[in-house]
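When a ligand or atom number is given, it counts from 1 through the structure's own listing order.
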Amino acid sequence: MRLRHYKRELMKATPSASLWIAILIAAAIGITTAASVQSTAKQSSSKASAAGDVKRGKYLVEEVAKCSECHTPRDAQGQLDRSRWLQGAPIWITPVHPRSSWAENAPALAGFPSFSDADAVNILEKGFGPRGETIRPPMHIYHLSHEDALAIVAYLRSVPSSSQ
Ligand code: HEC
């Protein structure tokens with residue numbers, strides 16, 4: 001009789017125990033989902049900051065340092081050719097007083113495939129080429145901040161490397 005009573009109690013307890021398990025599972029799923037939503041949000045916010053760098057890089061390249069003036073070919077009217085943006089160009093200016101060193105071509109920068117980030121640091125922060133060579137005019141010797149150099153590289157890597 002006592003055992004029977006205990007059994008009945010156990011039967012009664014079982015559904016509530018499984019209810020608890022169900023609640024725990026639901027909670028666990030909830031936590032995992034919340035965590036993954038949070039990590040997606042984190043990812044997209046870090047993407048957003050990378051996009052910020054690209055935007056700043058574009059501004060520096062196009063409006064401050066004017067890299068595009070020399071590194072983009074020109075059309076017959078002498079205007080920068082937007083369809084070949086930063087794809088390398090012959091230099092169109094000559095010095096008033098002849099100089100012993102004057103580069104005749106500006107290399108392609110679109111996609112920035114020919115240079116590593118370390119090269120970019122040397123070129124844009126110290127004024128040296130990838131092999132330690134002094135860069136010839138009319139390319140400027142820049143002493144940019146590291147942050148600005150990285151923003152420029154981020155932008156250049158985002159530019160399509162061939163004509164669309
Ligand atoms: C007034 C013209 C001019 C402007 C402005 C200019 N460049 Fe250049 N750039 C050149 C020329 C010319 C060369 C080739 C130099 C040489 O052959 O020594 C060059 C070379 C380079 C190189 C290759 C360096 C090497 O040693 O291989 C990189 C990278 C580069 N420029 C990036 C930039 C960036 C980024 C900007 C803007 C922040 C910029 N340039 C602005 C004319 C210019």
Heteroatom count (protein N, O or S) under 2.8 Å of atom 8 (Fe) of ligand 1 = 2

Looking only at heavy atoms, what is the nearest atom pair of [X] and [Y], with distance?
X	Y	result
A154	V54	O-CG2, 3.8 Å
E62	Y155	OE2-OH, 3.1 Å
H71	P107	ND1-O, 2.7 Å

State whether the number of non-hydrogen atoms from other residues, nucleotides or ligands found under 6.0 Å of E147 atom CD is greater than 12.
-> no

for atom 18 (O) of ligand 1, nearest protein heavy atom and its distance come out as R136 N, 3.0 Å

Nearest protein heavy atom to atom 27 (O) of ligand 1, by residue and atom, and its distance?
-> F115 CE2, 3.5 Å

Ligand 1 atoms in contact with [X] (distance to a heavy atom under 4.0 Å):
X	value
P130	25 (C), 26 (O), 27 (O)
A103	12 (C), 14 (C), 15 (C), 16 (C), 17 (O)
K66	5 (C)
A65	5 (C), 37 (C), 38 (C)
G129	26 (O)

Only residue of N122, V153, I123 satisfying side-chain contact (heavy atoms from CB on, under 4.5 Å) with F115 is I123

May I ask whether [X] has any heavy atom positioned less than 4.0 angstrom from an atom of ligand 1?
X	answer
N105	yes
I91	yes
E133	yes

Evaluation steps, salt bridge (Lys or Arg N to Asp or Glu O under 4.0 Å), between D53 and R157 | CA-CA 11 Å; D53 285 345; R157 292 205 194 286; over 6 Å; no

With heavy atoms only and a cut-off of under 4.0 Å, state how L144 meets ligand 1: side chain, backbone, both or neither.
-> neither

S83 backbone acceptor or donor facing D81 side chain under 3.5 Å = yes

